[in-house]
Protein chains: 2
Amino acid sequence: MEQVGSSGLVVDTIGAISRHIREKDLMPGDRLPSEAILSKELNVSRTVVREAFRSLAAMRIIELATGKRATVAQIDHGAMSLMIEHGVHTDQINIQQIYDVRRTIETRIVALAAIRRSDAEAAEILSLAAQMLECADNPAALLEHDLAFHTTLARASRNPVYSLLIGAFQGIIRQTWPIGWKSRPTQASRDLMLATHQDIARAVAAGDPQQAVDAMAQHFDESVRALLAAGMS
Amino acid sequence: MEQVGSSGLVVDTIGAISRHIREKDLMPGDRLPSEAILSKELNVSRTVVREAFRSLAAMRIIELATGKRATVAQIDHGAMSLMIEHGVHTDQINIQQIYDVRRTIETRIVALAAIRRSDAEAAEILSLAAQMLECADNPAALLEHDLAFHTTLARASRNPVYSLLIGAFQGIIRQTWPIGWKSRPTQASRDLMLATHQDIARAVAAGDPQQAVDAMAQHFDESVRALLAAGMS
DNA sequence: CAAGCCAAACCTGTCTGACAGGTTGAGGGG
DNA sequence: CCCCTCAACCTGTCAGACAGGTTTGGCTTG
């Protein structure tokens with residue numbers, strides 16, 4: 001390979017593989033050529049092709065598995081999640097900034113979900129909110145149900161980009177949620193949060209966007225207040 | 001290395017390096033151990049370390065350069081941009097869905113920008129809107145100024161996550177913007193778009209969030225209408 | 001003593017060849 | 001017609017090698 005660009009053979013190869021996917025109009029699940037074939041076609045060593053594959057796999061553009069050929073991947077929030085976590089761990093992003101973004105997009109999500117949710121999704125959302133009540137004294141379970149609640153709402157919005165973004169925040173939420181929970185010391189404050197989730201669920205199930213938006217806004221107002229009280233400024 | 005996980009040595013090594021960054025509290029710019037040292041410490045071959053490095057570099061968590069040691073990277077939208085493009089090219093995401101998300105976050109961005117923009121940013125935003133008028137008949141230049149306009153607004157919001165997201169959409173916007181522009185056949189419709197940008201700029205410069213939000217909402221209403229007229233449903 | 005230069009040590013990029021183990025598909029047996 | 005098996009194929013990992021680019025510490029020079 002002639003090293004068309006100036007950034008090295010691996011970068012060029014990543015470009016060549018991406019182009020291959022576009023030009024051949026490959027869809028998720030479709031198989032890519034084997035490493036050996038690609039290295040022959042592009043005139044690079046298998047080492048280079050493998051590093052290019054790893055790069056694309058890191059971005060979840062392709063999927064690798066032992067023995068099998070690489071396949072085109074479905075969009076997935078795993079990589080974004082790691083990027084966001086990295087940003088937070090290196091003090092480039094703080095939790096409040098994440099909450100502002102979440103508030104912004106989740107407010108829109110519930111509006112869409114209230115309009116577009118299927119009946120099955122409505123039931124699932126109501127069920128998750130109810131389950132949160134039942135495990136109110138089990139923080140780990142509560143966290144998981146909370147995440148599932150917001151993830152399901154995103155799915156009900158029928159816009160995969162919202163699902164992607166909510167998923168991207170999941171990793172860092174998992175790591176910081178306990179802070180917010182501990183900062184709700186009184187039973188009343190914890191009950192309020194659970195009640196708010198139920199308000200959101202009911203509004204979405206009832207197909208009332210305005211009420212859903214109001215409830216979600218209230219949810220985030222509480223959360224941010226709790227976070228600030230915990231000294232996360 | 002004992003292959004602690006079940007997904008292969010490379011995945012384990014990625015985890016080990018990420019952990020190293022967190023535990024040592026490395027900040028952007030800090031240098032990581034060399035490939036040779038890591039391969040010795042983790043008991044894996046240099047091949048494995050290199051593939052792990054490539055994966056982390058693909059997510060812009062670290063930065064590689066020939067001869068130099070790998071360094072911790074600053075957050076960057078490049079990887080997200082590729083992921084979004086992949087989603088669109090493989091029909092997992094469509095352009096309207098992107099516009100809905102953009103509308104949602106950019107409305108919030110201008111509200112924040114109106115409150116938090118520096119005087120220099122206000123001047124820059126006004127200038128970019130003015131420049132758009134000047135090259136109204138040069139689509140390529142217009143596109144670049146448009147992107148710069150929205151990017152600057154995101155920066156003025158003082159929330160790096162918004163900058164990240166706006167950056168993530170840049171790649172796909174660049175590829176689809178001409179469609180929207182061609183779908184504004186009349187001079188009046190094009191003038192309207194340029195005028196709307198100026199409205200946004202003026203509202204942000206004036207520090208008027210509500211007016212900025214209204215103008216941005218109008219901008220997206222127009223854009224989506226144009227897109228739909230172009231048959232992008 | 002300070003500023004600048006230089007070579008050796010260090011480091012990354014790429015290639016080759018090898019082998020273990022997982023996957024697949026064609027063809028044979030029931 | 002279905003299931004099984006096995007050979008061909010493919011990926012994961014390792015070791016060693018060599019061509020450049022980078023760093024650094026000591027040496028030279030002013």
Inset, instruction - Quickly work out the A:Asp12 CG to C:dG13 P distance and round it to whole Å. - result: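 Rounded to the whole Å, the gap is 14 Å.
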Legend entry - A:Phe53 CZ to D:dG12 C1', straight-line distance once rounded to whole Å: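 Taking CZ of A:Phe53 and C1' of D:dG12, I get 14 Å after rounding.
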For [X], all residues meeting side chain to side chain contact (heavy atoms under 4.5 Å, CB included), sequence neighbours excluded:
X: A:Ser18; result: A:Ile14, A:Arg22, A:Leu56
X: B:Ala73; result: B:Glu63
X: B:Lys24; result: B:His20, B:Leu26
X: A:Ile115; result: A:Pro209

With side chain to side chain donor-acceptor pair (under 3.5 Å) as the rule and sequence neighbours excluded, what pairs involving [range] come up?
range: residues 138-147 of chain B; result: B:Gln131-B:His145, B:Glu144-B:Arg174, B:Asp146-B:His150, B:Asp146-B:Trp177, B:Asp146-B:His197
range: residues 44-57 of chain A; result: A:Glu35-A:Arg46, A:Glu35-A:Arg50, A:Arg50-B:Glu51, A:Glu51-B:Arg50, A:Glu51-B:Arg54, A:Arg54-B:Glu51
range: residues 68-77 of chain A; result: A:Arg60-A:Asp76

Inset, instruction - State whether A:Arg50 places a side-chain N or O below 4.0 Å from either non-bridging phosphate oxygen (OP1 or OP2) of C:dT16. - result: no
Inset, instruction - Determine: side-chain N/O of B:Arg54 to OP1/OP2 of C:dT14, distance under 4.0 Å, yes or no. - result: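 Yes, such a contact exists.
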Legend entry - Verdict with supporting geometry, A:Glu23 and A:Arg19, salt bridge (charged side-chain N to carboxylate O under 4.0 Å, His left out): CA-CA 6 Å; A:Glu23 284 170 4; A:Arg19 215 175 316 124; 5.0 Å; no
Mind listing the N/O atom pairs, protein and nucleotides 5-7 of chain C, below 3.5 Å?
none

Inset, instruction - Starting at CD1 of A:Ile21, measure out to CG of A:Asp30 and round the result to the nearest 0.5 Å. - result: 9.5 Å
Show which side-chain atoms of residues 155-168 of chain A pair as donor or acceptor with protein atoms under 3.5 Å away, not counting sequence neighbours.
| from | atom 1 | to | atom 2 | distance (Å) |
| --- | --- | --- | --- | --- |
| A:Ser157 | OG | A:Ala154 | O | 2.6 |
| A:Ser157 | OG | A:Asn159 | N | 3.4 |
| A:Arg158 | NH1 | A:Glu121 | OE1 | 3.3 |
| A:Arg158 | NH1 | A:Glu121 | OE2 | 3.0 |
| A:Arg158 | NH1 | A:Arg155 | O | 3.4 |
| A:Arg158 | NH2 | A:Glu121 | OE1 | 3.3 |
| A:Asn159 | OD1 | A:Val161 | N | 2.9 |
| A:Asn159 | ND2 | B:Gln97 | O | 3.1 |
| A:Tyr162 | OH | B:Asp100 | O | 3.3 |
| A:Tyr162 | OH | B:Asp100 | OD1 | 2.6 |
| A:Tyr162 | OH | B:Thr104 | OG1 | 2.8 |

Polar atom pairs between nucleotides 3-10 of chain D and protein, under 3.5 Å, N or O only, would you list them?
none

Between N or O atoms, less than 3.5 Å apart, protein on one side and nucleotides 17-20 of chain C on the other: list the pairs.
| from | atom 1 | to | atom 2 | distance (Å) |
| --- | --- | --- | --- | --- |
| C:dA18 | N6 | A:Arg46 | NH2 | 3.3 |

Legend entry - Positions of residues 58-65 of chain B (non-hydrogen atom under 4.0 Å from DNA chain C), listed by number: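 By residue number: B:Ala65.
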